[in-house]
Each structure stands twice: as structure tokens, then as C-alpha cells.
There are 2 protein chains.
Amino acid sequence: MSGPRKLKHRFEGYASRLTAPREAILEFLSKSSKHMSAKEIYASLHGSYPGIGLSTVYRTLDLLARMGIVTKLAIGDGQSRYEFKSKEKDEHHHHLICTNCGKIINYSEFLDEELGLVKKTEERLAKKYNFIIQDHNIEFLGICEKCK
Amino acid sequence: MSGPRKLKHRFEGYASRLTAPREAILEFLSKSSKHMSAKEIYASLHGSYPGIGLSTVYRTLDLLARMGIVTKLAIGDGQSRYEFKSKEKDEHHHHLICTNCGKIINYSEFLDEELGLVKKTEERLAKKYNFIIQDHNIEFLGICEKCK
DNA sequence: TATTAAATGGGAATGATTATCAATGTCAAT
DNA sequence: ATTGACATTGATAATCATTCCCATTTAATA
Ligand SMILES: [Mn+2]
Ligand SMILES: [Mn+2]
Ligand SMILES: [Zn+2]
Ligand SMILES: [Zn+2]
């Protein structure tokens with residue numbers, strides 16, 4: 001069973017169908033390790049799916065984000081970026097972001113300690129603020145190699 | 001010497017002046033503990049500074065962010081939010097964000113362990129990726145008390 | 001005070017995202 | 001296979017935050 005198809009059943013609970021455009025977007029995102037804007041995704045798709053509409057790209061990204069299949073991230077320049085969110089724990093990662101050029105580096109080293117502490121903090125915060133914690137973001141901001 | 005005035009000298013290095021509109025914005029932000037959009041700041045200022053322009057608010061927020069006096073944050077809804085960034089280490093905080101209503105909670109409990117680990121991770125990442133790390137963000141996403 | 005550059009406010013322009021809508025596609029019951 | 005009930009799509013228009021532009025005002029300095 002190939003990549004995106006595995007996710008078919010996850011669409012059912014959302015009264016949603018795994019249609020051709022959605023599958024194309026999912027297929028594309030699941031292969032990219034970048035953090036791409038809607039317009040970039042739209043442009044990249046023109047080869048494999050000419051005729052797809054930009055609206056559909058936005059709608060699908062929103063749906064996938066609500067489903068927890070992709071992560072939407074805002075680094076503060078004008079546009080949102082999206083990345084496939086793997087279920088494998090070993091692909092969990094955090095970010096290093098260059099405030100000069102916008103470059104985003106995924107890092108997954110040093111996460112063991114980090115995640116242990118995160119889990120503990122999560123529990124404490126959940127109790128204290130009566131909050132259901134579903135996810136976390138950790139990012140380091142600074143100047144990348146090229147921009148130094 | 002009152003609040004924002006203490007910052008006057010910091011403007012010099014930026015070839016910038018601490019003008020009346022800038023002082024009004026700074027004064028306002030330094031008193032608020034919220035995370036406000038440009039439009040909200042603009043609206044709030046109409047009492048103390050009628051006639052200020054929205055462009056000036058945007059320009060000033062951008063300047064203050066570049067100077068490191070305010071933090072710009074993007075929670076993913078359409079607009080950026082800003083908050084005064086105190087120099088006191090004891091006011092450093094992280095965020096708990098409700099993905100349903102957008103509520104942002106500052107938390108500064110449990111930071112000692114967190115910051116220790118952050119510092120260590122920072123050093124490792126800086127070396128490995130040849131990156132100058134200047135700041136970090138940690139946020140937990142989930143559902144707030146009201147939205148449960 | 002005269003000179004000069006920085007800053008301002010208002011309005012127009014830009015650009016990302018959403019809303020609208022007529023046309024299609026899907027699915028299940030007939 | 002046909003139909004009816006919806007879900008989805010793509011094109012386009014509308015929205016809305018942010019940036020640009022520029023004539024006018026303000027601050028700094030001599
Ligand atoms: Mn990433
Ligand atoms: Mn805060
Ligand atoms: Zn860079
Ligand atoms: Zn909430």
C-alpha cells in the first residue's frame with residue numbers, strides 16, 4: 001500500500017474523501033522535506049497535476065492541518081508554510097530559523113532529553129492551566145552559516 | 001527616569017529618534033501584558049495619541065522588533081502580534097496557545113530546568129550547524145479551559 | 001535661524017488568504 | 001443504470017494585513 005493511500009481511512013472521520021487533487025498534494029508533501037508555501041506547492045504540482053486550482057491547494061492544506069497530517073508553520077514573513085508530519089516518532093524534529101534569510105533547518109539531534117523534559121512540563125502546565133496539550137513547537141532563532 | 005525614556009540611548013545606534021509616536025507605542029506596550037496586533041495597538045492609542053497613523057504603528061513595531069525591544073509573534077491566524085520584551089531575566093516566559101480560540105497564556109513556571117537544557121542544546125546546535133543562536137521560542141498548543 | 005535628514009500620516013498598492021458560485025464528481029439507494 | 005443529496009473543484013472576486021509612496025512636518029545640528 002503506497003504512501004498517501006495509507007491515510008485513506010483517516011479521511012472517513014472527517015466526512016472527507018481522498019480525491020485526486022488531495023492525493024496529489026499529499027503525495028507531493030510526503031516526499032518533500034522542505035517547508036513550502038501554498039503557492040510553491042501549487043507551482044510544484046503543475047507537472048503531476050496540471051489544472052489543479054490554488055483554492056484547492058489552500059483548502060486541502062487547511063483540511064490536512066486540521067486532521068493533523070501536516071503542520072502549518074508561520075515564521076513571520078507573509079506566508080504560511082506546510083510540512084508533512086510523520087507519525088514515526090523518530091522523525092519528530094524541531095527548527096532552527098535564520099532571521100535574516102528565512103532558512104529553516106530541521107534538527108532531531110539532542111531530542112531525547114528535550115522530549116523528556118517537554119513531557120514533564122506538559123503535564124505540569126496541563127494541570128495548572130487546565131489545558132489539553134496536543135503539540136509543541138521549539139525553535140531557535142538566529143543567523144545561519146550563509147548569512148554570517 | 002520613566003519607562004520608555006530609559007530606552008532612549010538604545011535608539012542612537014539605529015540612527016533613530018525617540019519621537020512622540022514611538023514613545024507612545026513603547027509606553028503602551030510596556031504596560032500591556034497582552035499579545036496585540038498592530039490594529040489593536042493603533043486603536044488603543046487613539047485616547048492618548050489621536051492622529052497617530054497606522055503606518056507609523058507598523059513602522060515602529062518593525063523598528064522595535066529589529067532593536068530587540070519587542071517580540072513579534074505569529075500564531076498562524078492572519079496577523080502578527082507584538083509584546084514588550086523585558087530585559088529582566090525573571091520575566092522571560094514561554095507560551096501556551098489555544099488552537100481553537102487563539103488565546104495565549106504566558107507561563108514562566110518550570111523554566112529553570114527548561115532554560116538549562118535550552119542553553120545546552122543551543123550550544124550543540126550552534127556548533128553543529130554553524131549558526132549564531134540569538135533567541136528561542138517554546139510553545140505548547142492545545143485546547144484552553146474555555147474551549148474544552 | 002537655516003539646513004538637512006528622519007519621520008509622519010494618509011491613501012494607494014500589494015499580496016496572501018477566503019468567500020462565492022456554477023459546474024463536476026461521488027456514493028448510496030432505488 | 002439513474003437519481004438525488006452532497007462534497008469537491010477551479011475560476012474569480014472579495015477581504016484584509018501589511019507595505020509603498022509622497023507631500024508635509026519634525027527633530028537635530030550648525
Ligand atoms: Mn520542519
Ligand atoms: Mn508572551
Ligand atoms: Zn540565513
Ligand atoms: Zn480557547
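Letters A, B, ... are given to chains in the order of the sequence lines, protein chains preceding strands, and every chain is numbered from 1.
- When the local axes at the two ends of the helix from C:dT1-D:dA30 to C:dT30-D:dA1 are compared, using 5 base pairs at each end, they differ in direction by 30° after rounding to 10°.
- One finds the OG atom of B:Ser44 at 11.0 Å from the CD1 atom of B:Ile52 (value rounded to the nearest 0.5 Å).
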Step-by-step side chain to side chain contact (heavy atoms under 4.5 Å, CB included) determination, B:Gln134 to A:Ile143: CA-CA 8 Å; B:Gln134 298 165 329; A:Ile143 304 297; 3.6 Å; yes
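- Within residues 43-53 of chain A, the residues that place at least one heavy atom under 4.0 Å from DNA chain D are, in residue-number order, A:Tyr49, A:Gly51, A:Ile52, A:Gly53.
- Atom pair A:Arg22:CZ and C:dG25:C1' shows a separation of 12 Å (rounding to whole Å applied).
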Sugar-phosphate or base contact per nucleotide [nucleotides 17-30 of chain D; S, B, -; heavy atom under 4.0 Å]: SBBBB-----BS--
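- Between the P atom of C:dT17 and the CE atom of A:Met36 lies a distance of 13 Å, rounded to the nearest Å.
- Every residue two or more places apart in sequence or in another chain was checked for a side chain to side chain donor-acceptor pair (under 3.5 Å) with B:Lys119, and none qualifies.
- Applying the ring pair (Phe, Tyr, Trp, His ring centres under 6.0 Å) test to pairs two or more places apart or on separate chains, those with a residue in residues 112-139 of chain B are B:His92-B:His136, B:His94-B:His136.
- A side-chain N or O of A:Glu83 and one of A:His93 form a donor-acceptor pair less than 3.5 Å apart.
- We find that CG of A:Leu61 is positioned 10 Å from P of C:dT18, with the value rounded to whole Å.
- Distance OG1/A:Thr71 to CZ/A:Arg81: 14.5 Å, rounded to 0.5 Å.
- The separation between A:Glu40 atom CD and C:dG15 atom P is 15 Å, rounded to whole Å.
- Distance CD1/A:Ile25 to CG/A:Leu64: 7.0 Å, rounded to 0.5 Å.
- Expressed to the nearest 0.5 Å, how far CD of B:Glu122 lies from CG of B:Asp135 amounts to 8.5 Å.
- For B:Asn130, the side chain to side chain donor-acceptor pair (under 3.5 Å) criterion is met by A:Glu145, A:Lys148, not counting sequence neighbours.
- For A:Arg66 and C:dT18, the CZ to P distance is 11 Å, given to the nearest whole Å.
- Between B:Ser30 atom OG and B:Lys85 atom NZ the span is 15.5 Å, to the nearest 0.5 Å.
- When rounded to the nearest whole Å, the span between CG of B:Asp77 and C1' of D:dC16 equals 12 Å.
- For the residue pair A:Thr56 and A:Arg59, a side-chain donor N or O sits within less than 3.5 Å of a side-chain acceptor on the partner.
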